[in-house]
Each structure stands twice: as structure tokens, then as C-alpha cells.
Amino acid sequence: MGQRFLTERLQGFGTTIFAEMTSLAAATGAVNLGQGFPDTDGPDEVLSAAASAVGRDSGFNQYPPGIGIASLRQAIVEHQERFYGLRFEPDSEVLVTAGATEAIAASLLALLGPGDEVIVFEPLYDSYAACIAMAGAQRRTIVLRAPDYSFDPAELSACVNNRTRVILLNTPHNPTGKVFTVAELGAIAAVAIEHDLVVISDEVYEHLVFDGPHIPIATLPGMGERTVTISSGGKTFSVTGWKIGWACAPAALVSAVRTVKQFLTYVNGGPFQPAIATGLRLPDSYFARYTADMAVKRALICEGLSDAGFKVHPPQGTFFVTVDIRPLGFDDGEVFCRSLPDRCGVVGIPSVVFYDDKAEGRPLVRFAFCKRPEVLAEAVTRLRRLAS
């Protein structure tokens, strides 16, 4: 009975659409701009460090410590201070996880219980809804509306009640590419402080911000003690299959998250942990080149989508772009995406899977542009057939 109940609670989340669209891409020979993973590997220094760590007698092929190896935890601490001026203690305030996804799951399961509520901004990454459901909690959504994806602070305040425990934040934001402004972060912080809430901040695209800086909410006054900051190496170093993430927070919050995490994966990715530590210590020039390279790809895909007749909402961050399909005479993104591989040989993701408010997401489609320039150029060429 319990298993059936949980299965029913998890039905309707968007994960299956990603597998379905990837299968469609394979079956039709379409260019897959659906799932957000790069089609090239990361920097040689990081790959070489992993290869060395896999070597015989390296010491990294058995269980790593439950909190993550010391060199990676120290590298995470150095990274947070180097880029944001945030200071953490590596032995009690940093936890290495199986990607950011596990860090999010463990945080939500640790901090929420049956009947609790969490405020989340919509559209939302599908694992958020699933993890909230697994915790037996309820989500209350604040809709970010195109084209600027702003929100009303009064609406945020009105969502809080005596069952609210957490605000779940994602900036830079998947799927919209929105980067929350200082004013918006300040409004979120004010509500969290007033009502003594914890903020779980998913910042996996922290090094993919094109318009202005990425500002962790933990840097705002009064927020360091109530924020769990989450990130990972998968996006930043183009090694999404390694699944090395982390959570940084005050010791009491990390202890709570770790208590749950040990019963999820326990540990993972021993040889990849020193490699991600190497990546986090790369010079500033690497991070600047990475962002600049993705900015070129953003320009290429946005121009091509506009030429194809879409209304484009250029992203401020991430490697996703959202388009409105109504100028092309369509109003149902799911139907459109299912037909697109046969129509012109490209795969996208219907944004409606990220929304509770289906009417809001219905005419929107998300494309990933973390692909080689020649792949994006081919996708753009194919998509332009829609305008002919």
C-alpha cells in the first residue's frame, strides 16, 4: 500500500519526458537539444586527475569518507571564499553528495516532514516536486512569468503560514535562465528572516551567468546561518556523468542533511572527487573562458530560433533558452515537441512539464545549447524550415 501510494504521489513529474524525447531523437536522427548535457568532455586537467585517481593503488577506488574526501571539501571551501567571500569550515560545514540532485533530495527530506510546506518558484526543476512529495510535504508555488520572469514580493509573503519551513531557490534558474537580482534576493531574504525559514539554494549554474554577477543568497545579511547552498562540478566542468555535488551550510544544517544522505547513496564517485577538487582550483581564466564560450552558443541559438519564427526569451544564465511557439501558429508545447523531430529533425522539451500552472507553461518550449557550435548550427538550419 505504501509503495503504491508513493508511486501515485510521484506520477506526473517530468522526468519521463526527457527519456522519451531522447528516444525520439535516436529513432529519428534528430539533433537532441532536449536534455541538458554537453556533447564534449571537460578540461584536460580534470580528466587527467580522474584517470590518475582510478589508477592502481591510488587510494581513491574504495569508499571515500561519508562527508567527502578532505581535499575536495577544502577545495569547495576555497572556491566559496574565492568567488563569493563565503567562509565555511571544511570538516563540519561541507558535505559532498551524489550530484546536486542528491544534495537537494537530502536537504528536503531532512528539513521537511508530513504536513510541512515549502515555497518554490515555478517553473520548477522536476526533482524538486518529487522530493517534496517523498517528504510528505506540500509545495506552494510562486509563478515566474515570461518574458522577465519576475515575481511579486507581496505574493511571496502571502504564501507563508505556520506550516512553512523552507524556501527553495534556484538561481541561475532552470528552465528559464533567469538570474535573480539583488532586490529579488533581498525580498526572499526578508521573508526568510521574518518567519525563521531555511533557504535551500540550488546554484549549479553559478558559473554560467551572462548578464551581471551570480550572487549567492547566503552572502546577504542574516542569511548565512539559514541557507543551504548547493552546487556541483557536473555543469561547470562538463562532466555531468560523474555526479559530484555538495552542500555548504552551518554545521547543524549540514549534520541534518548528512543524516539523510548516508541512507541514500552513502558515498559515491571516489576517484572523481579529487578530480573535481582539481577543477575548482583552476585559474580564473578557465571559468571566464567557459562562460564566454557558452555566451557565443547562446547568441547562435537565440538568433537561429528568432529567425525560425519563435518568440525567444534570452536567458541571463544556464545553458537553456525558452521560446514561445505561438508566433508559429502553435499553442501546445507538448504536441509541438512530439512532432518536431519528424517536422524538422530537432528535439526540445515542452516547458509545461515544469509547471503546476499548465496554462502558463503550455505554449513554451525549452532548448539546451550546451552543444558543439556545428551541432547548434545544424539544429538552427533545421529549425529555420519552420519559417519557410
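Residue numbers count from 1 along this sequence.
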To the nearest 0.5 Å, what is the distance between [atom1] ([X]) and [atom2] ([Y])?
X: Leu264; Y: Thr101; atom1: CG; atom2: OG1; answer: 11.5 Å
X: Cys131; Y: Arg139; atom1: SG; atom2: CZ; answer: 11.5 Å
X: Thr171; Y: Ile217; atom1: OG1; atom2: CD1; answer: 9.0 Å
X: Leu305; Y: Ile325; atom1: CG; atom2: CD1; answer: 12.5 Å
X: His79; Y: Phe287; atom1: NE2; atom2: CZ; answer: 5.0 Å
X: Ile142; Y: Asp152; atom1: CD1; atom2: CG; answer: 8.5 Å

Charged N to carboxylate O below 4.0 Å: is that the case for [X] and [Y]?
X: Asp148; Y: Lys178; answer: no
X: Glu117; Y: Arg165; answer: no
X: Arg289; Y: Asp293; answer: no

Applying side chain to side chain contact (heavy atoms under 4.5 Å, CB included), name anything that partners Thr181, two or more places apart in sequence or on another chain. Ala183, Glu184
Check side chain to side chain contact (heavy atoms under 4.5 Å, CB included) between Ile215 and all other residues, then give those that pass, not counting sequence neighbours. Val182, Leu185, Pro213, Thr219, Leu220
Minimum heavy-atom separation for [X] to [Y], with atom names?
X: Thr40; Y: Arg372; answer: CG2-CG, 3.4 Å
X: Gly233; Y: Val239; answer: O-CG2, 3.8 Å
X: Leu95; Y: Gly66; answer: CD1-O, 3.9 Å
X: Phe369; Y: Met294; answer: CE1-O, 3.5 Å
X: Gln273; Y: Pro64; answer: NE2-CG, 3.7 Å
X: Pro38; Y: Thr240; answer: CD-CG2, 3.8 Å

Quick check: do [X] and [Y] have side-chain heavy atoms less than 4.5 Å from each other?
X: Tyr128; Y: Val120; value: yes
X: Arg140; Y: Val118; value: no
X: Ile104; Y: Asp202; value: yes
X: Val228; Y: Ile230; value: yes
X: Phe367; Y: Val365; value: yes
X: Leu282; Y: Pro43; value: yes
X: Glu360; Y: Val352; value: no
X: Val94; Y: Gln80; value: no

Shared hydrophobic cluster for Phe320 and Met21 (ILVMFWY, side-chain gaps under 4.5 Å): no
Same cluster (ILVMFWY, side-chain, under 4.5 Å), Leu383 and Val323: yes
Keeping the roles fixed (side chain from [X], backbone from [Y]), state whether a donor-acceptor pair exists under 3.5 Å.
X: Asn32; Y: Ala25; result: no
X: Glu203; Y: Pro216; result: no
X: Thr164; Y: Asn161; result: yes
X: His173; Y: Pro123; result: yes
X: Ser255; Y: Ala251; result: no
X: Ser58; Y: Ala53; result: yes
X: Arg382; Y: Gly345; result: yes

On the 0 to 90° scale, with breaks at 30° and 60°, tag the Phe180-Phe151 ring pair as parallel, tilted or perpendicular. tilted
Which class fits the ring pair Phe272 and Trp242: parallel under 30°, tilted 30 to 60°, perpendicular over 60°? parallel
Not counting sequence neighbours, which residues clear ring pair (Phe, Tyr, Trp, His ring centres under 6.0 Å) with Phe330? List them please. Phe336
Taken in chain and number order and not counting sequence neighbours, the residues that satisfy ring pair (Phe, Tyr, Trp, His ring centres under 6.0 Å) with Tyr286 are Phe237
Side chain to side chain donor-acceptor pair (under 3.5 Å) between Ser48 and Glu45: does it pass, once the steps are laid out? CA-CA 5 Å; Ser48 295; Glu45 299 95 325; over 6 Å; no
Cation-pi geometry met for Lys261 and Phe263 (6.0 Å, 45°): no
Mark yes or no: Lys371 above the aromatic ring of Phe37, with NZ or CZ under 6.0 Å from the six-membered ring centre and no more than 45 degrees from the axis. yes
For atom [atom1] of [X], decide whether the heavy atoms of other residues, nucleotides or ligands shown that lie under 6.0 angstrom number more than 12.
X: Glu374; atom1: CD; result: yes
X: Glu303; atom1: CD; result: no
X: Arg385; atom1: CZ; result: yes
X: Gln138; atom1: CD; result: no

Let's go through Glu206 and Ser231 carefully: what are the C-alpha distance in whole Å and the side-chain angles of both, what is the deciding distance for side chain to side chain donor-acceptor pair (under 3.5 Å) to 0.1 Å, and is it a yes or a no? CA-CA 8 Å; Glu206 60 186 311; Ser231 193; 2.5 Å; yes
Qualifying side-chain hydrogen bond (donor to acceptor under 3.5 Å, both in side chains) pairs, either residue in residues 305-330, two or more places apart: Asp307-Arg384, Asp324-Arg326
Apply salt bridge (charged side-chain N to carboxylate O under 4.0 Å, His left out) to Asp211 and list each qualifying residue two or more places apart in sequence or on a separate chain. Arg298
Under the criterion side chain to side chain donor-acceptor pair (under 3.5 Å), I'd like the reasoning laid out for Thr97 against Glu102: C-alpha separation, chi angles, the key distance, then a yes or no. CA-CA 6 Å; Thr97 59; Glu102 185 190 42; 4.6 Å; no
Decide yes or no on side chain to side chain donor-acceptor pair (under 3.5 Å) for Thr22 and Gln35, but give the supporting numbers first. CA-CA 7 Å; Thr22 295; Gln35 286 187 279; 2.5 Å; yes
Distance-only side-chain donor-acceptor flag, Arg56 / Asn61, under 3.5 Å: no
Would you please say whether a donor-acceptor pair under 3.5 Å links the side chains of Glu378 and Thr381? no
Partner of His214 under side-chain contact (heavy atoms from CB on, under 4.5 Å), chosen from Tyr205, Tyr84, Phe83: Tyr84
